[in-house]
2 protein chains.
Amino acid sequence: MKKRKSRLPVIVDILTHNSIGSQEELSKQLAIRGYIVTQATLSRDLKMLRTTKIATDMGGYRYIIADSERLSNEPFAKTQNTVQSSLHPAALSLSVSGNLVVIKTRNGYASGLAYDLDMLESQHILGTIPGADTVFAVVNETSSRKDLFNLFQSFLPQSVLDAAKHQFLGEDNE
Amino acid sequence: MKKRKSRLPVIVDILTHNSIGSQEELSKQLAIRGYIVTQATLSRDLKMLRTTKIATDMGGYRYIIADSERLSNEPFAKTQNTVQSSLHPAALSLSVSGNLVVIKTRNGYASGLAYDLDMLESQHILGTIPGADTVFAVVNETSSRKDLFNLFQSFLPQSVLDAAKHQFLGEDNE
DNA sequence: TGAAATAATAAATATTTATGCGTTTTCTAT
DNA sequence: ATAGAAAACGCATAAATATTTATTATTTCA
């Protein structure tokens, strides 16, 4: 049975949009989607994806995807575009410095947010790199701050945008 | 016995400069430095530090420190400044884009390199965020490329610098 | 086609990590 | 100084994860 190829993107998707704390949990989520595998296989899958379990600030754990898997390889671009265009609830703050946007998230959510940001396929964002609770996004040199503001308007909660508004109006406003 | 406070920075130091693949290994390294603790305690320590085990491309595993612990809290600034000013052997390449420096490292070493870069406390580097094999460093807007070149000259191997030299001489050379 | 090589997987097991609980130490406020 | 609370810790064990081994499916190519 060679389901691995189709399964890995699904795992990425699950981990990105859910808080999965163990391989058993993941197994159940996969089962729902028609993939029946043992924990042993998941251990290998996760190693392959360079997934990693990290403590959340809720006291538990959560699997997140390491950056390089998404930054360079990007073999999973077109999963099952589950990007709900709803505003991203895990975002805490946003700031801009030069061609760089820094988004702080609740711990464990950076990966998911970066993923969703990627999925927008905006010409204004050249690439993202998530940590555990921080996303760096590199901005296209030709994009204006107004472009960015518009982009994030449909992506981040109003409260976050409000707090960051001055960032988009300062100098360099093209 | 309340050694935790003094132990945590040592753990950060050990994980930063060594490839530690299990809590047993870490325990041994700590013992060498005079900290005798059980695995149970290390499990708690590592959770507290938001440390995480990630697959290396050597087929094994390695603990790395999550970014935010170092980015925001930074309670461990002045550990035992074990920053050997020797050139960083894990660095593979360096590139500059705008106010951003991107350093590629061997897998698992980004965290350590970012840590050492932080330790330089250069005014030219505002902050770093490590992934598994990539470090993003945000550059002070007022720093010149020449400043950067000088900075990295004493930090990265000559071969890496050579390959990146043109990056510092192109446009925007102040 | 069919033999050999490769890859994916499960089952069982080994290894590693997390945690409940009881004890001791440290801290805090009186 | 001392009671009470909080934090740190070890021990034992539970829970989770990684790996060994064997099996089956898939690919390759003669």
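Note that the structure is a prediction, hence the values are computed from the model and not measured. Here is the naming used below: chain letters follow the sequence lines, and residue numbers restart at 1 for every chain.
Contact detail for Ile103(B) and Ala91(B): the closest heavy-atom pair is CG2-CB, 4.4 Å.
Ile36(B) comes within 4.0 angstrom of the backbone, heavy atoms only, and of no base.
Following rounding to the nearest Å, Arg4(B) (CZ) and dT25(C) (C1') show an atom-to-atom distance of 13 Å. Leu46(B) has its CG atom 13 Å from the P atom of dT19(C), to the nearest Å. Rounded to a whole Å, the CZ atom of Arg44(B) is 11 Å from the P atom of dA18(C). When rounded to the nearest whole Å, the span between CD of Glu25(B) and P of dT16(C) equals 9 Å.
Thr134(B) and Lys104(B) are linked by a side-chain donor-acceptor pair at a separation below 3.5 angstrom, with hydrogens and angles left out of the test.
A distance-only check finds a donor-acceptor pair linking the side chain of Arg62(A) to the backbone of Leu15(A) [under 3.5 Å].
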Check your understanding: In the 5'-to-3' direction, what one-character label does each nucleotide of nucleotides 12-17 of chain D receive under the scheme B = base within less than 4.0 Å of a protein heavy atom, S = sugar-phosphate only, - = no such atom?
Key -> B---SB

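Terminal axes of the helix from dT1(C)-dA30(D) to dT30(C)-dA1(D) (five pairs each, C1' rotation axis) are separated by 40°, to the nearest 10°.
Residue order along DNA chain D, read from the 5' end via each residue's closest nucleotide, puts Val37(B) first among Val37(B) and Lys47(A).
The side chain to side chain contact (heavy atoms under 4.5 Å, CB included) check on Ala40(B) picks up Thr38(B), Arg44(B), with sequence neighbours excluded.
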Exercise for review: Could you go through the side chain to side chain contact (heavy atoms under 4.5 Å, CB included) check for Lys47(B) and Ser43(B) one step at a time?
Suggested key: CA-CA 6 Å; Lys47(B) 182 175 188 174; Ser43(B) 174; 5.7 Å; no

